[in-house]
Structure formats: C-alpha cells, structure tokens
**Student:** 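Shown below is the structure under consideration.
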Amino acid sequence: MRILVVGSGGREHALVWKIAQSKLCTKLFCAPGNGGISQIAECVEIKADDVSGLLEFARKEKIDLTVVGPEKALSLGIVDEFTKAGLKIFGPDKKAANLEASKVFAKSFMAKHKVPTANFKIFDNPQAAHKYIEEHGAPCVIKADGLAAGKGVVVAKSTEEAKTAVTSMLQDKVFGEAGSKIIVEDCLFGSEVSILVITDSREVLALASAQDHKRIFDHDQGANTGGMGAYSPAPVATFAVLKEVMDKIIYRTIDGLAKDGIKYQGVLYAGIMLTKQGPQALEFNVRFGDPETQAILPRLKTDLVEVMLAASSGKLSKIGALEWDRRVCVCVVCAAAGYPGEYVQGQEILGLEQASHLPAVVVFHAGTKRTKDKFLTSGGRVLGVSGLGNTVQEAIDKAYRAVEKIKFEGMQYRKDIARKAL
Ligand code: AMP
Ligand code: GLY
C-alpha cells in the first residue's frame with residue numbers, strides 16, 4: 001500500500017514510524033515532514049493545509065491511504081475532498097471536525113447530549129461577558145471559539161484577569177475571527193487525562209490512556225505550550241475511571257454524533273478532568289494528540305494501518321482488541337530557547353545518534369530539518385524523546401538518559417515529566 005501522512009511534527013514522526021512497521025505499507029510519503037521523518041519516509045514539499053495540493057499529489061501518486069495529523073486540514077475539509085475523489089483517508093470530515101474547530105459547537109453538543117462538562121455560557125458581547133464574570137466570580141475559564149494554536153484558553157484566577165482575557169478576545173481580536181465568540185465556563189479541579197479512541201462512527205476502540213504536561217516549566221508553572229511531555233498509561237485512569245469515561249463521555253459523544261447525522265471516522269481525543277463529581281470533558285480534539293502520540297504508539301503492538309483502514313472503511317468491528325506493550329512510555333519534549341514565545345531556529349543538534357541507539361528509546365523529531373550531514377532545529381518543539389520501561393521510574397530514566405546525550409544551543413526541557421505517575 002502507498003500511504004501518505006500529512007503534517008510535520010513529533011506526532012507525525014510517531015505515526016510515520018509506526019506505519020513504516022506495517023506489513024501492509026510498501027511506500028510511505030509525508031507532506032511536508034521534517035528532518036527525522038525524511039529518514040524513513042519520502043518527504044514532499046506540500047504544506048499540511050494545502051488541501052488541493054495534497055489531493056493532486058495523492059491522485060498522481062495513487063495513494064491508497066492518507067492519514068491526517070493536524071486539525072487545520074481536517075477543519076478545512078480535506079476528508080470531504082478526498083472522499084469525493086474516491087480516495088481513502090483516515091480522519092473526520094469538516095462537519096465532524098467542528099468538535100475541535102468550534103468550542104461553541106463542542107460545548108453546545110455536549111450540553112445537548114448530556115456529556116458531562118463544565119457549566120458555560122456563550123458570549124459575543126464584551127460587556128455582557130464582563131457582567132456575567134462579575135456576578136459569577138473567579139476562578140473561571142475563558143475560551144476563544146475557534147482554533148487558536150493552543151493559546152485560546154485562559155484559566156483566570158481573578159475576575160480582573162478574566163475580564164482582560166474577554167477584552168483581548170472579543171474587543172482587541174487577538175485571535176481574529178477565532179475569538180469573535182467566546183465561552184466563559186466554570187473552573188474544574190482534578191487530574192487531567194487524555195483518552196483517545198479510534199472509531200468508524202459505530203465501533204469504538206480505545207487507545208491506552210495518556211497524560212500531557214501543558215506548561216513550559218517544572219511543577220506546571222509558566223505559560224501553556226503545545227505540550228512539553230507525556231506518558232502512557234496514566235495511573236489515574238484506573239479501570240473504573242476508564243469505564244465511566246467511556247460510558248459518560250465517549251459513547252454519548254459517538255451516539256450523539258450519529259443522532260445528529262454526523263459521520264465520524266478517525267481519532268477522537270477527549271481531554272478530561274477527573275473531578276470529585278466524576279470525569280468531565282474539557283475539550284475534544286479530532287486527531288491524535290501531540291505529544292501523547294509519542295508516548296502511546298511505542299506501546300501499540302497491533303498493526304496501526306490495519307486499524308486505520310478498517311476505521312476509514314466502516315469495518316472497525318473486524319479488528320478485535322488492540323494489543324499493548326505492558327511497559328510504560330515516557331516522552332520528554334526538547335524545545336528551543338524562547339518557546340512558547342518567539343524562538344531561535346537553525347541550531348545544530350548534536351548527540352542524536354547516541355541517544356537513539358540507547359535500548360528502549362525512540363527519538364521523534366518535531367521541529368528539525370536535515371542538511372547534507374547534520375540536523376538543525378526548525379521549530380519551537382524540536383524533539384520528543386521517548387523511553388520505555390517496566391516501571392514509571394525506569395521509563396523516566398530511559399527517556400532522560402537519552403535527553404542528556406542531546407545538545408543544541410538554548411535547549412530547554414522539563415525535568416519532571418511523568419513524576420506525577422510515581
Ligand atoms: P482546552 O484547550 O479546552 O483543553 O484547554 C486547555 C487547558 O486549559 C486544559 O488542558 C486544562 O488544563 C485547562 N482548562 C480548560 N478548561 C478548563 C476548566 N473548565 N477548568 C480548569 N481548567 C481548564
Ligand atoms: N497535547 C494536546 C494536544 O494535542 O492538543
């Protein structure tokens with residue numbers, strides 16, 4: 001099979017790495033890919049959101065299966081276009097992608113289908129939002145409706161902070177149209193967990209649980225990022241918790257989509273807060289998580305291509321249960337100086353060979369490019385270094401021993417990834 005992966009980050013490197021191991025895969029492309037990906041797939045210079053460019057390429061190259069990494073292409077309707085052209089593609093269509101592309105849509109959907117989530121109200125008028133915040137008090141959470149590259153959520157400790165966030169979104173339009181509507185919702189407390197499932201809109205196969213580390217600094221301090229590390233499984237997601245999450249969040253969502261006439265095939269990612277009142281959905285993503293994927297896929301034993309083909313053909317019931325490596329996987333993200341703000345690029349990366357040759361370690365590239373004889377940094381998140389171990393401590397040690405072999409100017413990483421799981 002000729003397979004195309006769309007995207008260029010650590011998540012896509014993990015997808016390419018796993019797909020390359022499938023007995024079904026005979027030729028693998030990635031658009032646009034990165035330095036690490038170029039070692040195992042042919043990278044083609046088409047942007048991940050250039051839907052017509054990707055379609056033209058897939059037609060010309062007779063691609064049998066396309067796998068979409070990032071949300072942008074999904075929300076632009078890449079799945080609708082490929083399906084119309086008779087090409088197989090793994091991911092939800094444009095309507096379904098609204099679960100991530102519009103928080104107003106997602107929250108309204110959750111309310112309608114009784115998916116537990118924080119109480120909320122939708123606003124497009126700053127004065128009305130300010131008044132609501134004054135009446136309700138802090139802490140509260142302000143969310144831009146549309147896609148804002150992971151920056152559209154403010155957890156406000158004071159009413160002042162909340163009102164400032166409202167003004168910047170609704171009045172100053174810092175996120176442009178993505179912030180022309182906002183959600184103001186109750187602040188929830190508890191442990192966070194990411195539950196990803198694969199579905200063909202009827203059958204559901206849950207992936208192993210994972211936990212992300214969103215803040216830039218140790219002990220969850222500093223600005224929110226795309227994710228500074230992850231581990232799988234998450235011990236907070238016990239069997240009983242997982243059952244509740246599946247019953248109250250995942251199945252209600254899949255059933256709700258079907259009732260609303262929305263066909264969903266692909267990955268559904270639920271960001272969940274485990275509160276004293278039970279699990280509550282914080283958000284949906286309509287794709288694999290980054291960096292959760294770099295901690296989940298190294299543990300997956302089942303052939304991922306078989307699963308994605310089955311899901312995109314409505315035949316997921318043919319796949320039995322997914323098989324997992326019992327070991328724990330910890331992924332530590334190495335980021336460029338300045339990230340998540342303005343960051344430096346073009347730094348030479350040293351020690352990649354030594355790190356990736358360590359046993360039970362995989363080094364995923366996120367923002368790198370390859371020149372004739374070296375790798376240079378080319379993004380905010382540069383690498384995701386994953387280590388597998390029989391215990392959480394062993395996986396932590398494997399990952400950090402590998403990280404210590406790697407060097408580039410200004411490299412920053414959190415020292416406490418997965419410590420919560422100990
Ligand atoms: P989201 O993009 O909706 O997942 O929000 C990003 C992050 O903000 C989440 O991972 C949480 O850490 C935090 N967050 C979002 N909504 C809430 C909430 N209602 N209460 C507390 N924290 C939240
Ligand atoms: N790790 C969070 C995300 O992929 O959105």
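As the structure lists them, so they are numbered: ligands from 1, and atoms in each ligand from 1.
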**Student:** Check if Ala230 has a non-hydrogen atom at a distance under 4.0 Å from any atom of ligand 2.
**Tutor:** no
**Student:** Relative to the ring of His113, is the ring of Phe109 parallel (under 30°), tilted (30 to 60°) or perpendicular (over 60°)?
**Tutor:** tilted
**Student:** Under 4.0 Å from a heavy atom of Gly289: give me the atoms of ligand 2 that qualify, with their elements.
**Tutor:** 4 (O)
**Student:** Can you tell me if Gly271 contacts ligand 1 (heavy atom of the residue under 4.0 Å from the ligand)?
**Tutor:** no
**Student:** Would you say ligand 2 has an N or O under 3.5 Å from any N or O of Asp290?
**Tutor:** yes
**Student:** Would Phe57 and Phe29 satisfy ring-ring contact (aromatic ring centres under 6.0 Å, His included), going step by step from the backbone distance to the final call?
**Tutor:** CA-CA 10 Å; Phe57 176 82; Phe29 296 95; 5.1 Å; yes
**Student:** Students should be able to answer this: which protein heavy-atom is nearest to atom 8 (O) of ligand 1, and at what distance?
**Tutor:** Val153 CG1, 3.5 Å
**Student:** How about Val236 and Val241: do any of their side-chain heavy atoms sit closer than 4.5 Å?
**Tutor:** no
**Student:** Give me the nearest non-hydrogen protein atom to atom 7 (C) of ligand 1 as residue plus atom name, then the distance to 0.1 Å.
**Tutor:** Lys214 CD, 4.2 Å
**Student:** May I ask you to identify, for Leu188, whether its side chain, its backbone, both or neither come under 4.0 Å of ligand 1 on a heavy-atom basis?
**Tutor:** both
**Student:** Is there a donor in the side chain of Tyr269 and an acceptor in the side chain of Glu292, or the other way round, less than 3.5 Å apart?
**Tutor:** yes
**Student:** Is it the side chain, the backbone, both or neither of Glu292 that has a heavy atom closer than 4.0 Å to ligand 2?
**Tutor:** side chain
**Student:** Nearest protein heavy-atom contact for atom 4 (O) of ligand 1: which residue, which atom, what distance?
**Tutor:** Glu283 CD, 2.7 Å
**Student:** Among all protein heavy atoms, pick out the one at the shortest distance from atom 5 (O) of ligand 2; state its residue, atom name and that distance to 0.1 Å.
**Tutor:** Arg287 NH2, 2.8 Å
**Student:** Does ligand 1 come near enough to Asp186 that some N or O of the ligand is less than 3.5 Å from an N or O of the residue?
**Tutor:** yes
**Student:** Could you tell me, atom by atom, which parts of ligand 1 come under 4.0 Å of a heavy atom of Lys143?
**Tutor:** 3 (O), 15 (C), 16 (N)
**Student:** Mind checking whether Met273 has a heavy atom under 4.0 Å from ligand 1?
**Tutor:** yes
**Student:** Has Ser209 got a side-chain atom pairing as donor or acceptor with Ala234's backbone, closer than 3.5 angstrom?
**Tutor:** yes
**Student:** To which protein heavy atom is atom 17 (C) of ligand 1 closest, and what is the distance rounded to 0.1 Å?
**Tutor:** Leu282 CD2, 3.5 Å
**Student:** Go through the steps for Lys72 and Asp50 under the test salt bridge (charged side-chain N to carboxylate O under 4.0 Å, His left out), then give the verdict.
**Tutor:** CA-CA 10 Å; Lys72 181 89 182 287; Asp50 177 3; over 6 Å; no
**Student:** Counting only heavy atoms, which portion of Val141 has something under 4.0 Å from ligand 1: side chain, backbone, both, or neither?
**Tutor:** side chain
**Student:** Give the contacting part of Asp212 toward ligand 1: side chain, backbone, both or neither, where contact means a heavy-atom distance below 4.0 Å.
**Tutor:** neither
**Student:** Would you say Gly227 contacts ligand 2, with heavy atoms under 4.0 Å as the rule?
**Tutor:** no
**Student:** Any chance CD of Gln21 has more than 12 other-residue heavy atoms, nucleotides or ligands included, within less than 6.0 Å?
**Tutor:** yes
**Student:** For Lys18, is there an ion pair with Asp303 - N to carboxylate O distance below 4.0 angstrom?
**Tutor:** no
**Student:** Verify the neighbour count for atom NZ of Lys369: are there more than 12 heavy atoms of other residues, nucleotides or ligands below 6.0 Å?
**Tutor:** no
**Student:** For ligand 2, which atoms sit closer than 4.0 Å to a heavy atom of Gly226?
**Tutor:** 1 (N)
**Student:** Students often mix this up, so state it plainly: with edges at 30° and 60°, are the rings of Tyr400 and Tyr413 parallel, tilted or perpendicular?
**Tutor:** tilted
**Student:** Any non-hydrogen atom of Phe288 lying under 4.0 Å from ligand 2?
**Tutor:** no
**Student:** Show which atoms of ligand 1 fall inside a sub-4.0 Å distance from at least one heavy-atom site of Cys187.
**Tutor:** 20 (N), 21 (C)
**Student:** Just by distance, no angles: are the side chains of Asn34 and Ser8 close enough, under 3.5 Å, to form a donor-acceptor pair?
**Tutor:** no
**Student:** Looking at every heavy atom in both Arg299 and Arg327, which two are closest together, and how far apart are they?
**Tutor:** NE-O, 2.6 Å
**Student:** Which heavy atom of the protein is the closest neighbour of atom 14 (N) of ligand 1, given with residue, atom name and distance?
**Tutor:** Val155 CG2, 4.1 Å
**Student:** I'd like to check which ligand 1 atoms, numbered from 1 as shown, lie under 4.0 Å from a non-hydrogen atom of Lys103.
**Tutor:** 1 (P), 2 (O), 3 (O)
**Student:** Tell me, which protein residue and heavy-atom name are nearest atom 19 (N) of ligand 1, and how many Å apart are they?
**Tutor:** Glu185 OE2, 2.7 Å
**Student:** Would you call Leu316 and Ile319 a side-chain contact if the rule is heavy atoms closer than 4.5 Å?
**Tutor:** yes
**Student:** Identify the protein heavy atom lying closest to atom 12 (O) of ligand 1, giving its residue, its atom name and the separation to 0.1 Å.
**Tutor:** Glu192 OE2, 2.4 Å
**Student:** Using 4.0 Å as the upper bound for N to carboxylate O, is an ion pair formed by Lys163 and Glu134?
**Tutor:** yes
**Student:** Would you say Asp212 has any N or O atom under 3.5 Å from an N or O of ligand 2, going by distance alone?
**Tutor:** yes
**Student:** List the steps and the verdict of ring-ring contact (aromatic ring centres under 6.0 Å, His included) for Phe123 and Tyr132.
**Tutor:** CA-CA 10 Å; Phe123 294 97; Tyr132 177 82; 5.3 Å; yes
